[in-house]
Amino acid sequence: MYKIVAKTDSLVTPGISACQGCALELIMRNVMDVLGSDTVLIIPPGCSAMFSGSGIEGGVKVAGIQGNLENSAAIACGIANGFKNQGNTHTKVVAFAGDGGTVDIGLQALSGAMERNENILYICYDNEAYMNTGIQGSSSTPSGASTTTTPAGKLGHSKDLMRIVMAHDVPYAASASVANLPDLRRKVHRARETQGTSVLHIHSPCPTGWGYHSSKSIELAREAVQSGAWLLIEFENGEIRINQEPGKLGDIDAYINGQKRFRGFTVEQREQLKKDIIARYQAIRAAAQV
Amino acid sequence: MPIKMLDGNGAAVEAIRLVRPGVIAAYPITPQSSIAEHLADEVADGRIKAEYIRVESEHSAMSACVGAQLTGVRAVTATSSVGLALMHEVCGVTSGCRLPMVMYVVNRSLAAPWSLWCDHSDTMAERDSGWLQFYAGNVQDVLDLYLAGIRISEHPEVLTPSMICQDGFFLSHSMQKVNVPEDDTAFGFVGSYQRRNMYLDPEDTMFVNDLTPTDDYGEMRYQQMVGFRNAARVTEEVFAEFEKTFGRKLEVIRPYMLEDAEAAVVTMGSMSGTARYVVDELRKQGIRAGALQIVMYRPFPAEMIARALKHVPVIGVVDRSAGLGGAQPPVCTEVTAALHGGTNDIRSFIGGLAGRDISNHSFERIFADIIAIRAGKTNTHCQWFDVKVNAMDIRTVSGEEES
């Protein structure tokens, strides 16, 4: 047996049991690096529960609780109010949940927190399906993508979390991508400074669930941003900004060709997805110009 | 000690104010709603210095309370019926994290069919959730049991949450004379909140409630069981101290005329006073009747109940919930287990569902049945004592043949 000694200043412990090529670990390390130690985390079951730890082994060096799948925002509200009542206005209370725990089962609690403008930061890392339970489809799964519960490709659209969040008129919301870490880190910093509810929606490519080589996570994330499949936007004081223009809007071939989940895509589905992406960009572009 | 006219929900709000919570998360549901409303008033007027979270569901109410209490304050919510059912998932988190929260439940039937009125089916569905349960018999109990519940739940050897159950409308909306303790006396009794075991503090970090391997799970349940066992002892200590402080007696069970009873009923909640009234009436006729009110249902005081009832030949246990499919409904199951090995003839009675009044006439019928059994005149009794004779004819399923 070898005694493994690791020295790190990171708030995320070394040796996290993520899949090879997982974007989530890189996201979490950057998020925690910006947030710092005066942070309390709420993590629901899911891929990010590897940061909650298992048994007596923790995955992060900050205080936190693993809640239920649907109540991350509600637990966060309770913690933030408990701190407030005791005069602690400095600790940032941060929910860190996946797309299933956010846009499906957790949407009600998040909506309530946003409506009340609770002093919390809610981060949704979006890998576009229930990856931890075995790649089942969520309402964030893109149209046409195959998962274990949408084996022939998902019918219908995916929910638009950012527009749901913006409809709540929160003080600060932004989407981010692991392909643009300086932008992501700036947004985490901005969210940390925000009083009231802030929401970050972070694209997190998943080699296991999407079916691509584990070396391609950043490449695919970048393709998503450039094609407009994932828009980098920011919402502050009621105004929308597009942070990075999609250089090849609607050109999704390089993005989806590399992924097995789109293997069964028909020509019609591909065209429809392109149209949807362009339409969403134009709607947000128009809103951003108002 | 000032005397006020309060209904059960008013007494609940007074009790909550007296323990000085830091966070209140409330969602309205009949018949709990006036608790949620009046707590908002108390906070708005500065009489309670708490944060009030106007949550969007009971599930979020309990979730927010878990988060809040982990930061080191008393967290308060209250609910009823389907609201409690919605909380169920998180109730297990509260108890499993050993958070000593005390919550009012205003008892109301579960759907379907919809009913706004009292029975115990909501809290009976939570009897294995790892919470202590106390059932108030009158409005004074509603206030007193909460103050005692705080002490019991927060005791370092207990660290187990409590439900203080009061019958919807029969208590929650019934104006009664209530002794309300002075603020300082009450707060002196409960003391300020001390966080123990699990908490969230950026200066002293821990990660609460992570995935726990099979190696530890059973042991952590065992620890909870020990908490319940300690609660039985601590409850008696706290009730004794309560009597010394406030001059009012709280009891785990309330035996009435049981010493020489030939036949006795077992009750919980607001029906219990009526049972004692009927015992008095029967005693005037020379019938040796008795009654036992169970106040603490979790932990179930089995030995105490066995001692109180072991010499009573025939016992009728009244359940205010149906306990569908069980060998017996829940209270009767527990009483039967408590008296296991004895010679008592224990009969189950089910009634008072959805607010149907359990009147003196109800108990007269129940006593008539068990007294006849005692006299050897019959061996049968009517378990569903207040159900209409045409029960199978109402609301028949469409398409069923008319007979």
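Please read all numbers here as calculations on a predicted model, not as lab measurements. Throughout, protein chains are lettered first and strands after them, A, B, ... in sequence-line order, and every chain is numbered starting at 1.
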Using 0.5 Å steps for rounding, measure from the CD1 atom of B:Ile35 to the CG atom of B:Asn9.
4.0 Å

Hey, which of A:Ile43, A:Ile75, A:Ile56 has the most heavy atom pairs under 4.5 Å with chain B?
A:Ile75

Does a donor on one side chain and an acceptor on the other come within less than 3.5 Å for B:Thr123 and B:Asn107?
yes

Choice from A:Ala76, A:Ser37, A:Gly112 maximising heavy atom contacts with chain B below 4.5 Å:
A:Gly112

Considering only heavy atoms, which portion of A:Ala109 lies under 4.5 Å from any heavy atom of chain B: side chain, backbone, both, or neither?
both

Pick whichever of B:Lys49, B:Glu89, B:Glu51 has the most heavy-atom pairs under 4.5 Å with chain A.
B:Glu51

Is it the side chain or the backbone of A:Gln108 that comes within 4.5 Å of chain B heavy atoms, both, or neither?
both

Please state whether the side chain, the backbone, both or neither of B:Leu200 comes within less than 4.5 Å of a heavy atom of chain A.
both

Output, in order, the C-alpha distance, side-chain angles, deciding distance and verdict of side chain to side chain donor-acceptor pair (under 3.5 Å) for A:Asn71 and B:His59.
CA-CA 8 Å; A:Asn71 62 1; B:His59 194 281; 4.5 Å; no

With a 6.0 Å cut-off (strictly less than), is the heavy-atom count around CD of B:Glu203, excluding the residue itself, greater than 12?
no

Using 30° and 60° as the class limits, which term best fits the ring planes of B:Tyr146 and B:Tyr104: parallel, tilted or perpendicular?
parallel

So which atom in A:Gly36 and which in A:Thr39 form the shortest heavy-atom distance, rounded to 0.1 Å?
O-OG1, 2.7 Å

Among B:Ala68, B:Ala50, B:Pro213, single out the residue with the greatest number of heavy-atom pairs under 4.5 Å to chain A.
B:Ala68

A:Val60 versus chain B, the contacting section by heavy-atom distance below 4.5 Å:
side chain

Interface moiety of A:Glu118 toward chain B, non-hydrogen atoms closer than 4.5 Å
side chain

Taking every non-hydrogen pair under 4.5 Å, which of B:Tyr52, B:Phe207, B:Tyr199 racks up the most with chain A?
B:Phe207

Mind ranking B:Ile53, B:Val23, B:Val73 by heavy-atom pairs under 4.5 Å with chain A and telling me who comes out on top?
B:Ile53

Name the member of A:Gly64, A:Pro45, A:Ser52, A:Ala73 that forms the most heavy-atom pairs with chain B at distances under 4.5 Å.
A:Gly64

For the residue pair A:Thr102 / A:Tyr122, report whether a side-chain donor-acceptor contact shorter than 3.5 Å exists.
yes

In terms of heavy-atom pairs under 4.5 Å with chain B, the winner among A:Glu115, A:His90, A:Lys61, A:Glu70 is A:Glu70

Quick one: do B:Val66 and B:Cys97 satisfy side chain to side chain contact (heavy atoms under 4.5 Å, CB included)? Show the steps, please.
CA-CA 9 Å; B:Val66 165; B:Cys97 289; 5.5 Å; no

As a test of understanding, state which of A:Val62, A:Asp38, A:Leu41, A:Asn119 forms a side chain to side chain contact (heavy atoms under 4.5 Å, CB included) with A:Lys92.
A:Asn119

Heavy-atom cut-off 4.5 Å, strictly under: side chain, backbone, both or neither for A:Thr91 against chain B?
side chain

